[in-house]
Chemist: 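Encoded as C-alpha cells, here's the structure I'll be asking about.
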Amino acid sequence: MLPELTPAFILRRNPYRDTSLLLDMFTFEAGKITCVAKFTKGKGTRTKGMLEPFRLLEAHWQGRGEVFTLTQADETRRYPLKGAGLIRAIYANELLLRALWQHQPQPELFAAYQRTLVRLQDTADTLALPLFELEVLAGAGYELNLWHDDAAGHDIAASVRYRFRPERGLYPDAGEGKGVPVSGSLLIALREPDSLSADQRLELRYTLDYLIQMLLKGKTLNARKLLNE
C-alpha cells in the first residue's frame with residue numbers, strides 16, 4: 001500500500017551527520033514538525049535539492065517522539081522569489097519557526113502561507129507580509145477584533161484609541177499604558193486592507209512590531225534586520 005502523502009513546506013534545513021538533513025517543516029495535517037531525511041552516500045542528490053524552502057512538497061514521515069524520519073517527498077510546485085520578496089519570505093519562515101507550537105495543525109494558516117508565497121513573487125506587493133503577520137498572530141491567540149471591542153462588545157469607532165492584551169483582547173484605551181496601542185481607524189481600514197493610507201500602513205507596521213515582540217517575549221528575529229536594511 002502506498003503511503004498517504006500530505007502537503008508540506010521546508011521552513012529550515014541543516015546538515016545532520018554525514019548523510020542526513022534535519023528539517024523543520026510546516027505541514028498541512030500536523031503543523032510544525034521536525035524530520036530527519038537520510039540519504040545513502042553518493043545518492044539522493046535530486047532529493048536533497050528538492051528539500052529546500054519555498055517548494056510545496058507532498059510528504060510522508062514516520063516515527064514517534066519529537067523527531068520523525070522523512071520517508072518520501074515529491075515536489076509539486078516552486079515559488080520563485082527574488083530580491084525583497086525573498087527576504088520577506090525568509091522572514092515569514094523565521095516567524096513561523098518561532099511562533100508555532102510543535103505538532104499543532106493549523107490548516108488555515110498553511111493556506112495563508114501558500115497565498116503569501118504567491119503574493120511575495122510580486123516585490124511591489126508591500127501588504128503581503130503584514131497581512132501574513134496578522135494571520136500568524138491570530139493563530140497564536142493575538143487576533144485583533146476588527147468589528148467589536150472585547151470589553152463590552154461595542155462597535156469599533158474610528159475616533160477611539162484601543163489597546164490589545166492577550167488576556168483581555170481589545171479594549172478602549174483608559175490611559176493605563178499597558179498592552180499594544182491601536183487606533184479604531186486602523187482596525188476599520190483593515191477590513192479592506194487595500195484601502196490603507198500611507199499613515200495607516202506605517203501605524204500597522206508599528207502595531208505588528210509591538211505584537212510580535214509581545215508574542216516572542218522581546219526576542220528579535222534575525223531576518224528582521226534584513227528587512228530593515
Side-chain angles (χ1 to χ4, degrees), residues 11-12 24 26 31-32 84 87-102 104-106 108-110 112-113 115-116 119-120 125-229:
L11 296 178
R12 178 175 60 191
D24 291 298
F26 185 29
K32 186 179 73 169
I87 293 173
R88 292 166 187 160
I90 291 171
Y91 170 84
N93 277 13
E94 188 178 2
L95 180 60
L96 286 173
L97 282 166
R98 300 282 286 276
L100 295 179
W101 292 91
Q102 291 284 104
Q104 181 179 353
Q106 294 204 44
E108 292 182 1
L109 184 58
F110 186 93
Y113 178 68
R115 293 194 300 270
T116 301
R119 293 186 62 168
L120 289 177
D125 187 346
T126 57
L127 268 180
L129 184 59
L131 294 180
F132 179 67
E133 290 173 288
L134 285 171
E135 296 270 11
V136 175
L137 286 162
Y142 290 64
E143 183 172 13
L144 295 173
N145 193 327
L146 305 183
W147 301 92
H148 311 282
D149 69 48
D150 296 309
H154 293 151
D155 291 346
I156 297 297
S159 60
V160 175
R161 297 288 301 179
Y162 297 88
R163 287 190 174 264
F164 174 85
R165 290 166 64 185
E167 67 276 14
R168 288 187 58 183
L170 190 74
Y171 58 95
D173 189 349
E176 87 284 15
K178 296 181 180 179
V180 176
V182 57
S183 70
S185 61
L186 175 60
L187 294 169
I188 292 171
L190 281 171
R191 300 171 190 173
E192 297 183 11
D194 290 337
S195 68
L196 289 171
S197 67
D199 287 344
Q200 287 171 332
R201 290 184 183 221
L202 185 59
E203 183 190 351
L204 176 60
R205 182 69 267 152
Y206 286 135
T207 302
L208 287 169
D209 287 345
Y210 275 124
L211 287 168
I212 290 170
Q213 284 185 359
M214 182 182 290
L215 173 64
L216 302 182
K217 304 190 185 312
K219 295 180 181 178
T220 303
L221 297 173
N222 294 325
R224 180 81 252 172
K225 300 173 185 176
L226 294 175
L227 283 176
N228 292 338
E229 293 173 0

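In this chain, numbering begins with 1 at the start of the sequence shown.
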Chemist: Among Thr207, Asp209, Leu215, which residue meets the side chain to side chain contact (heavy atoms under 4.5 Å, CB included) test with Leu211?
Modeler: Thr207
Chemist: In this structure, which one of Asp149, Asn145, Leu170 forms a side chain to side chain contact (heavy atoms under 4.5 Å, CB included) with Leu187?
Modeler: Leu170
Chemist: Does Tyr210 use its side chain to pair, donor to acceptor, with the backbone of Gly179 at less than 3.5 Å?
Modeler: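 Here the side-chain-to-backbone pair does not exist.
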Chemist: Answer whether the closest heavy-atom distance between the side chains of Leu190 and Gln200 falls below 4.5 Å.
Modeler: no
Chemist: Show your reasoning for whether side-chain contact (heavy atoms from CB on, under 4.5 Å) applies to Leu186 and Leu144.
Modeler: CA-CA 11 Å; Leu186 175 60; Leu144 295 173; over 6 Å; no
Chemist: Between Tyr142 and Pro166, which heavy-atom pair has the shortest distance, and what is it?
Modeler: CE2-CG, 3.3 Å
Chemist: side-chain contact (heavy atoms from CB on, under 4.5 Å), that's the test. Do Glu143 and Leu137 meet it? Break it down for me.
Modeler: CA-CA 6 Å; Glu143 183 172 13; Leu137 286 162; over 6 Å; no
Chemist: Rounded at 0.5 Å granularity, tell me how far CD1 in Ile188 sits from OG in Ser195.
Modeler: 10.5 Å
Chemist: Could you check whether any side-chain heavy atom of Val136 comes within less than 4.5 Å of a side-chain heavy atom of Ile212, counting everything from C-beta outward?
Modeler: no
Chemist: Please report the interatomic distance CD(Glu203) to CG(Leu208), rounded to the nearest 0.5 Å.
Modeler: 10.0 Å
Chemist: Indicate the atoms forming the closest heavy-atom contact of Leu97 with Arg12, along with that distance.
Modeler: CD1-CB, 3.8 Å
Chemist: Which heavy atom in Arg119 sits nearest to a heavy atom in Ala128, and how many Å separate them?
Modeler: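 Arg119 and Ala128 have their closest heavy atoms at CB-CB, 3.6 Å.
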Chemist: Looking only at non-hydrogen atoms, find the nearest pair between Ala151 and Tyr171 and report the distance.
Modeler: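 What the structure gives for the nearest pair is CB-CB, 3.9 Å.
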Chemist: More than 12 heavy atoms of other residues, nucleotides or ligands under 6.0 Å from CD of Glu108: is that the case?
Modeler: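 12 or below, so no.
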Chemist: How close do Leu127 and Pro130 get, heavy atom to heavy atom, and via which atoms?
Modeler: O-CD, 3.2 Å
Chemist: If you draw a 6.0 Å radius around CD in Glu176, do more than 12 non-hydrogen atoms from other residues or ligands fall strictly inside?
Modeler: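 Count over threshold, so yes.
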Chemist: Shortest non-hydrogen contact from Arg201 to Leu196?
Modeler: NE-O, 3.6 Å
Chemist: Does the Glu94 side chain pair with the main chain of Ala223, one donor and one acceptor, at a distance under 3.5 Å?
Modeler: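 Looks like yes, one N/O pair under 3.5 Å.
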Chemist: Are the side chain of Arg163 and the backbone N or O of Lys178 linked by a donor-acceptor pair below 3.5 Å?
Modeler: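 At least one qualifying donor-acceptor pair exists.
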Chemist: So, Lys32 side chain and Asp24 main chain: donor-acceptor pair closer than 3.5 Å or not?
Modeler: no
Chemist: Hey, are the side chains of Leu131 and Arg115 touching, using non-hydrogen atoms and a 4.5 Å cut-off?
Modeler: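 No, every pair of side-chain atoms sits at 4.5 Å or beyond.
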Chemist: Hey, could you give me the CG/CZ distance between Leu96 and Phe132, rounded to the nearest 0.5 Å?
Modeler: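 Output value for this atom pair is 4.0 Å.
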Chemist: Evaluate the side-chain contact (heavy atoms from CB on, under 4.5 Å) criterion for residues Ile156 and Arg191: first the C-alpha distance (whole Å), next the side-chain angles of each, then the deciding distance (0.1 Å), finally the verdict.
Modeler: CA-CA 12 Å; Ile156 297 297; Arg191 300 171 190 173; 3.9 Å; yes
Chemist: Dump the intermediate steps for side-chain contact (heavy atoms from CB on, under 4.5 Å) on Glu133 and Leu95, then the final yes or no.
Modeler: CA-CA 8 Å; Glu133 290 173 288; Leu95 180 60; 3.9 Å; yes
Chemist: State, with a plain yes or no, whether a side-chain heavy atom of Leu120 is found less than 4.5 Å away from one of Asp125.
Modeler: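 Of all side-chain heavy-atom pairs linking Asp125 with Leu120, none is under 4.5 Å.
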Chemist: Check the angle between the aromatic planes of Phe26 and Tyr113 and answer parallel, tilted or perpendicular using the 30° and 60° thresholds.
Modeler: perpendicular
Chemist: Could you tell me whether the side chain of Arg161 and the main chain of Pro181 form a donor-acceptor pair under 3.5 Å?
Modeler: no
Chemist: Considering only heavy atoms from C-beta outward, does the side chain of Glu135 approach that of Thr116 to under 4.5 Å?
Modeler: no
Chemist: Taking the six-membered ring of Tyr91, is the NZ or CZ of Arg224 close enough (under 6.0 Å from the centre) and on axis enough (within 45°)?
Modeler: yes
